[in-house]
Amino acid sequence: MSKVGLLAFATDNLGDDLQAMAASAFLPRVDRMIDRDLLSKANLPEAHLVVMNSWFQLADRVLKVGLRKKRFSPSDSIDPLFYGFCLGTDRLLNDSWIPYLAAHQPIGSRDRVSIEKLASQSIAAQWTGCITLFFGRKLAPVPASERSGIVFVDLPARAERAFVPKQLRDRARRLTNVAPREIVADPLRRMHRMAQTCDILRRAELVVTSRLHVTLPCVGFGTPVVAVVGESPRTLRRFSGFDEFVPIVFWGGKRSMTRIDWDNRTPAVIPQEIEEPHRQLLRTIETRLGKVDGEIAPDVAAKFRITVSGHDLGGEAGEVLIDFGHLSVVRPAAKWTKDTIEAEIEGMWTLRRFDVPLRARPRGEDRWVDLGPLGPHLTSA
């Protein structure tokens, strides 16, 4: 049975993580995480199926280690399932990526411009939108009668004053998708921070944002959303296709600005054109990996207790380590006896599907003892 990889990130944009978090809701398990910006460097003992739902333009930290002149395609360790692929730069269409994409066509693409760019290289593509549009289908719906609060996410003050009525500005709660520096290298804390934001967005009566990966999950959550976006070639590219069904104000450019009825709180509707590609994705995952459980989660954010019995590690209370593949995180043990180890962690509800390695060591020792996969040792805290 195929191993399963999940894209991981070291950026300060938690919207990147949301794309992978949404993908995990439609996967039966996750065997490891793989850095999106180091796919060409992945050297795994066996191939991992990876849903390629992301924006692909190698980050500055990668360019500094020798990939500036040639942006290499993923290694043979990656078995790509192209869905929600965004061509972040034309420079990705080089003599490495073009044959790679051609070998895996048709390419399920996130936006209309990516499809046009791929077609210019005779690569077949299909509009899938982003998997975050469908994330809400794995979560308990929130009725309109239970929604409350106006939420602004990374909305520039200038745009607030120019386009949003004062009565909404005065009520707004302001959030950001920018990761604090202290959590950038911690996959669990990144995940939990974005999961908490999702739970706020799911229950809001209105969200106003400049972020694509606030806009799209809100559509899936049934949350009324307005995107207010500074017009640039990059933003027009990223939002192409989504402007066909989501209320978007492009400002500061040549496009005529959309007039928004701020009193109309009707949620946007996912077009039928991208419903079938999503169904096809689910069929492919079930065929390749097995059936995904039908769990509908009450919340995105979750707290867990790790409990391991039958390992006599001895020594003083120590630490547990979760090896995500691209990075590991260490947490202190809350309980450490001859027979039982316990620790508390935070993340999102799909962590139960993560079969990544779990290890422990007593305080003051260097040895890490393998405790098996993470998922079976998790219970809700």
Side-chain angles (χ1 to χ4, degrees), residues 14-15 17-19 21-26 84 129-155 159-160 163-177 192-229 239 241-250 257-276 278-279 282 294-302 348-350:
L14 295 179
D17 300 68
L18 180 56
Q19 295 166 81
M21 291 163 59
S24 74
F26 298 99
C130 181
I131 203 167
T132 57
L133 284 166
F134 298 92
F135 192 24
R137 297 184 183 182
K138 304 298 287 186
L139 300 161
V142 179
S145 60
E146 297 178 15
R147 295 180 175 275
S148 64
I150 308 296
V151 180
F152 292 173
V153 185
D154 291 319
L155 190 62
E160 278 191 29
F163 306 111
V164 184
K166 186 177 185 302
Q167 65 268 26
L168 298 182
R169 301 200 307 268
D170 290 345
R171 292 178 53 201
R173 176 180 183 180
R174 292 164 177 82
L175 304 176
T176 181
N177 269 10
H192 191 249
R193 177 70 169 257
M194 191 67 245
Q196 289 177 309
T197 297
C198 283
D199 285 327
I200 295 170
L201 302 177
R202 291 173 56 226
R203 295 179 171 89
E205 61 188 90
L206 175 67
V207 173
V208 187
T209 183
S210 65
R211 295 281 191 176
L212 180 66
H213 285 105
V214 171
T215 303
L216 301 186
C218 280
V219 173
F221 297 153
T223 302
V225 61
V226 176
V228 179
V229 182
F239 279 83
F242 305 117
D243 53 357
E244 298 170 17
F245 63 97
V246 177
I248 302 175
V249 176
F250 290 102
M257 288 185 293
T258 303
R259 296 183 62 86
I260 302 296
D261 180 358
W262 292 99
D263 294 323
N264 181 5
R265 304 289 170 80
T266 304
V269 177
I270 300 171
Q272 284 298 314
E273 181 179 355
I274 55 178
E275 288 280 0
E276 177 53 33
H278 182 68
R279 288 190 288 267
L282 300 187
E295 178 183 9
I296 300 298
D299 296 289
V300 185
M348 70 168 285
W349 63 275
T350 60

Trainee: Before giving the answer on side chain to side chain contact (heavy atoms under 4.5 Å, CB included), spell out for Trp262 and Val208 the whole-Å C-alpha distance, their side-chain angles and the decisive distance to 0.1 Å.
Mentor: CA-CA 10 Å; Trp262 292 99; Val208 187; 3.7 Å; yes
Trainee: Go through it in stages, so that I can follow the logic: the residues are Ile260 and Phe163, the test is side chain to side chain contact (heavy atoms under 4.5 Å, CB included), and I'd like the CA-CA distance, side-chain angles, deciding distance and then a yes or no.
Mentor: CA-CA 9 Å; Ile260 302 296; Phe163 306 111; over 6 Å; no
Trainee: Looking at Leu14, Asp17, Asn177, which one forms a side chain to side chain contact (heavy atoms under 4.5 Å, CB included) with Arg193?
Mentor: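 It is Leu14; the other options fail the test.
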Trainee: Do the non-hydrogen side-chain atoms of Leu155 and Arg174 ever get within less than 4.5 Å of each other?
Mentor: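 Leu155 does not reach Arg174 side chain to side chain.
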Trainee: Testing Arg202, Glu205, Arg147 for side chain to side chain donor-acceptor pair (under 3.5 Å) with Thr223, which one passes?
Mentor: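 Going through the options one by one, the only one that passes is Arg147.
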Trainee: If you look at every heavy atom in Val229 and Ser210, which pair is closest and at what distance?
Mentor: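 Shortest heavy-atom separation between Val229 and Ser210 comes out as CG2-O, 4.2 Å.
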Trainee: Distance check, rounded to the nearest 0.5 Å: Leu206 atom CG versus Phe152 atom CZ?
Mentor: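 Result: 7.5 Å between the selected atoms.
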Trainee: Is a side-chain N or O of Asp243 found less than 3.5 angstrom from the main chain of Gly241, in a donor-acceptor match?
Mentor: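 Such a contact is found between Asp243 side chain and Gly241 backbone.
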Trainee: If every non-hydrogen atom of Ala25 is compared with every non-hydrogen atom of Phe135, which pair is closest and at what distance?
Mentor: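 The pair with the smallest heavy-atom distance is CB-CE1, 3.9 Å.
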Trainee: So do Arg203 and Asp299 actually touch side chain to side chain, heavy atoms under 4.5 Å?
Mentor: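 Answer yes - side chains close enough.
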Trainee: Please say which of Val226, Ile200, Val225 ends up in a side chain to side chain contact (heavy atoms under 4.5 Å, CB included) with Val207.
Mentor: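 The residue from Val226, Ile200, Val225 that satisfies side chain to side chain contact (heavy atoms under 4.5 Å, CB included) with Val207 turns out to be Val225.
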Trainee: Would you say the side chain of Cys198 lies within less than 4.5 Å of the side chain of Met348, judging by non-hydrogen atoms?
Mentor: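 No, their side chains stay 4.5 Å or more apart.
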Trainee: To the nearest 0.5 Å, how far apart are OG1 in Thr197 and CZ in Arg211?
Mentor: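 Interatomic distance, Thr197 OG1 to Arg211 CZ, rounded to 0.5 Å: 11.0 Å.
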Trainee: Indicate yes or no: at least one non-hydrogen side-chain atom of Pro247 is less than 4.5 angstrom from one of Thr258.
Mentor: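 When only atoms from C-beta onward are counted, Thr258 and Pro247 do not touch, as no gap falls below 4.5 Å.
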Trainee: Minimum heavy-atom separation for Val269 to Phe245, with atom names?
Mentor: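 Heavy atoms of Val269 and Phe245 come nearest at O-CD1, 3.4 Å.
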Trainee: Going through the checks in order, is the side chain to side chain contact (heavy atoms under 4.5 Å, CB included) test met by Glu275 and Ile270?
Mentor: CA-CA 7 Å; Glu275 288 280 0; Ile270 300 171; 4.0 Å; yes
Trainee: Roughly how far, to the nearest 0.5 Å, is the CD1 atom of Ile274 from the CZ atom of Phe242?
Mentor: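 Spacing of CZ (Phe242) from CD1 (Ile274) equals 6.5 Å.
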Trainee: Please tell me if the side chains of Val219 and Val246 come closer than 4.5 Å, counting only heavy atoms from C-beta onward.
Mentor: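 Sidechains of Val246 and Val219: in contact.
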Trainee: Decide yes or no for Phe221 and Leu139: does some side-chain heavy atom of the first lie under 4.5 Å from some side-chain heavy atom of the second?
Mentor: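 A side-chain contact under 4.5 Å exists here.
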Trainee: List the atom of Ile296, the atom of Ala140, and the distance in Å for their closest heavy-atom pair.
Mentor: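 Closest pair (atom of Ile296, atom of Ala140, distance): CG2-N, 3.4 Å.
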Trainee: What closest approach, in Å, do Ile131 and Ala23 show between heavy atoms, and which atom pair accounts for it?
Mentor: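 For Ile131 versus Ala23, the nearest heavy atoms are CD1-CA, 3.7 Å.
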Trainee: Is there side-chain contact between Leu201 and Val153, with heavy atoms separated by less than 4.5 Å?
Mentor: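 Yes - at least one pair of side-chain heavy atoms lies under 4.5 Å apart.
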Trainee: Looking at side-chain heavy atoms only, is the closest gap between Lys138 and Trp349 below 4.5 Å?
Mentor: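 Result yes, sub-4.5 Å side-chain heavy-atom pair found.
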Trainee: More than 12 foreign heavy atoms under 6.0 Å from CZ of Arg173: is that the case here?
Mentor: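 At most 12 heavy atoms, drawn from other residues, nucleotides or ligands, come within 6.0 Å of this atom.
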Trainee: Which pair of non-hydrogen atoms, one from Gln19 and one from Thr132, has the smallest distance, and what is that distance?
Mentor: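 Taking every non-hydrogen atom into account, CA-CG2, 3.8 Å.
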